[in-house]
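Notes to accompany the following structure.
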Number of protein chains: 2
Amino acid sequence: MNNLFKALNDPTRRQILDLLRGGDLNAGDIAEQFDMTKPSISHHLDLLRQAGLVEATKQGQFINYSLNTTVLDELLAWLISFQKKDEPLNSTTKTNQPS
Amino acid sequence: MNNLFKALNDPTRRQILDLLRGGDLNAGDIAEQFDMTKPSISHHLDLLRQAGLVEATKQGQFINYSLNTTVLDELLAWLISFQKKDEPLNSTTKTNQPS
DNA sequence: TATATATTTAGACATTTACCTAATTAACTA
DNA sequence: TAGTTAATTAGGTAAATGTCTAAATATATA
């Protein structure tokens with residue numbers, strides 16, 4: 001989870017993920033969307049890859065990046081468990097009801 | 001979202017959230033659970049508070065910390081939207097079916 | 001083969017982060 | 001009121017982070 005949270009803790013990287021929802025892109029096309037140098041974007045892509053959020057596949061001289069959301073499942077499960085554990089385990093406990 | 005991701009991007013802070021699932025605790029009781037000084041924990045609690053993940057209420061000389069999971073809803077929605085957008089918008093598109 | 005293009009790697013730098021110790025603030029209690 | 005306890009604030013430090021420029025690598029093409 002550490003790499004995942006680290007990867008998500010940056011607006012540029014989250015924007016990259018959002019971009020890739022529209023379909024695969026190569027590194028250059030991604031870099032074009034940001035006011036930042038290619039090496040910087042390359043670094044961000046590397047962190048996303050380390051977290052398993054994107055996959056990089058070489059296609060000739062280009063490198064294609066695609067989204068991989070399966071890693072997010074773990075995070076999703078963690079979040080959902082919070083919503084649940086917020087209530088007492090015993091579901092017979094009275095909660096506020098409209099009278 | 002920035003403060004939220006920042007707050008979650010630290011194992012100690014995530015452990016504090018996990019701790020608070022068991023019920024409210026004051027700063028000292030939280031600090032006791034970690035091999036770290038009180039000022040350091042105080043700092044972590046501050047970041048969690050800034051993100052809206054915990055609420056601090058003074059009770060005499062103690063400060064009570066309680067979990068607030070409503071902030072996680074936003075993150076949850078963001079994550080779920082990823083799971084969806086991964087598939088083409090058009091739901092009539094053929095997917096792999098067992099033959 | 002020489003040149004151009006796509007991308008990464010290397011190295012430097014400023015900022016942020018996580019931690020510590022020491023000092024401060026606030027509240028309780030003998 | 002003096003002393004103790006709970007917690008934060010202040011200030012310092014080492015490590016991590018995000019960015020840049022310059023150099024390197026790999027592929028394509030004239």
Side-chain angles (χ1 to χ4, degrees), chain A residues 1-20 22-68 71 75 78, chain B residues 1-20 22-68 71 75 78:
Chain A
M1 292 273 268
N2 245 321
N3 275 347
L4 180 56
F5 279 114
K6 185 195 208 168
L8 294 176
N9 186 30
D10 181 274
T12 301
R13 289 196 287 272
R14 294 197 298 272
Q15 275 183 64
I16 291 175
L17 293 180
D18 274 329
L19 254 181
L20 290 176
D24 295 6
L25 291 172
N26 60 48
D29 287 344
I30 295 171
E32 236 176 33
Q33 307 290 324
F34 296 89
D35 186 20
M36 197 178 288
T37 64
K38 284 182 183 184
S40 295
I41 294 296
S42 184
H43 174 61
H44 285 307
L45 287 170
D46 188 45
L47 291 180
L48 288 171
R49 205 180 41 69
Q50 279 177 46
L53 285 165
V54 303
E55 274 173 26
T57 59
K58 191 154 203 171
Q59 298 197 343
Q61 65 190 145
F62 298 84
I63 295 184
N64 184 272
Y65 281 92
S66 66
L67 198 56
N68 181 359
V71 207
L75 176 53
W78 187 73
Chain B
M1 292 273 267
N2 245 320
N3 275 347
L4 179 56
F5 280 112
K6 185 194 209 168
L8 294 177
N9 185 30
D10 181 273
T12 302
R13 289 195 287 273
R14 294 198 297 274
Q15 275 182 65
I16 291 175
L17 293 180
D18 275 329
L19 254 182
L20 290 175
D24 295 6
L25 291 172
N26 60 49
D29 287 343
I30 294 171
E32 236 175 32
Q33 308 289 324
F34 296 88
D35 186 19
M36 199 179 287
T37 64
K38 283 183 185 184
S40 295
I41 294 296
S42 184
H43 173 62
H44 285 307
L45 287 169
D46 188 45
L47 291 180
L48 288 171
R49 205 181 40 71
Q50 279 178 45
L53 284 164
V54 303
E55 273 172 27
T57 58
K58 191 154 202 169
Q59 298 198 342
Q61 65 190 142
F62 298 84
I63 295 184
N64 184 270
Y65 282 91
S66 66
L67 197 55
N68 180 358
V71 207
L75 175 53
W78 187 73

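Within every chain, numbering begins at 1; the chains are lettered A, B, ... in the order of the sequence lines, protein sequences first and strands thereafter. This structure is a prediction, so every number in the text was calculated from the model and none was measured.
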**Complete:** In B/S/- notation (B base, S sugar-phosphate only, - none; protein heavy atoms under 4.0 Å), nucleotides 15-30 of chain D written 5' to 3' is --SSBBBB---SBS--
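Taking side-chain N and O atoms only, A/Tyr65 has no distance below 4.0 Å to OP1 or OP2 of C/dA6.
The distance from atom CG of A/Asp29 to atom P of C/dT5 is 15 Å, rounded to the nearest whole Å. Distance, B/Asp46 CG to C/dC19 C1': 15 Å, rounded to whole Å. What separates CD of A/Gln50 from C1' of C/dT9 is a distance of 14 Å, to the nearest Å. Note: CG (A/Asn26) to P (C/dT5) measures 15 Å, nearest angstrom. Remark: C1' of C/dT17 and CG of B/Leu48 are 15 Å apart, rounded to the nearest angstrom. As a whole-Å value, the separation of B/Arg49 CZ from D/dT9 C1' is 13 Å. Between the P atom of D/dA7 and the CD1 atom of B/Ile63 lies a distance of 7 Å, rounded to the nearest Å. For B/Leu8 and C/dA18, the CG to P distance is 12 Å, given to the nearest whole Å.
Taking five base pairs at each end of the helix from C/dT1-D/dA30 to C/dA30-D/dT1, the local helix axes there meet at an angle of 10°, rounded to 10°.
Taking CH2 of A/Trp78 as the start and CG of B/Leu75 as the end, the distance is 8.5 Å to the nearest 0.5 Å. A distance of 11.0 Å separates OG1 in A/Thr12 from CG in A/Leu47, rounded to the nearest 0.5 Å. Note that the NZ atom of A/Lys6 and the CZ atom of A/Arg13 stand 8.0 Å from one another [nearest 0.5 Å].
Nearest heavy-atom pair across A/Ser66 and A/Leu20 is C-CD1, 4.4 Å. Between B/Leu4 and B/Val71 the shortest heavy-atom distance is CD2-O, 3.8 Å.
Using a distance-only test at 3.5 Å, with no hydrogens or angles considered, no donor-acceptor pair links the side chain of A/Arg14 to the main chain of A/Ala7.
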Give the table of side-chain donor-acceptor pairs shorter than 3.5 Å for residues 49-60 of chain B, with sequence neighbours excluded, one pair per line with atom names and distance.
| unit_1 | atom_1 | unit_2 | atom_2 | d |
| --- | --- | --- | --- | --- |
| B/Arg49 | NH2 | B/Asp46 | OD1 | 2.6 |
| B/Gln50 | NE2 | B/Asp46 | OD2 | 3.1 |
| B/Glu55 | OE2 | B/Asn68 | ND2 | 3.4 |

**Steps toward side chain to side chain contact (heavy atoms under 4.5 Å, CB included) verdict (A/Leu25, A/Asn64)** = CA-CA 6 Å; A/Leu25 291 172; A/Asn64 184 272; over 6 Å; no
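A 4.5 Å side-chain heavy-atom check between B/Tyr65 and B/Asp24 finds every atom pair outside the cut-off.
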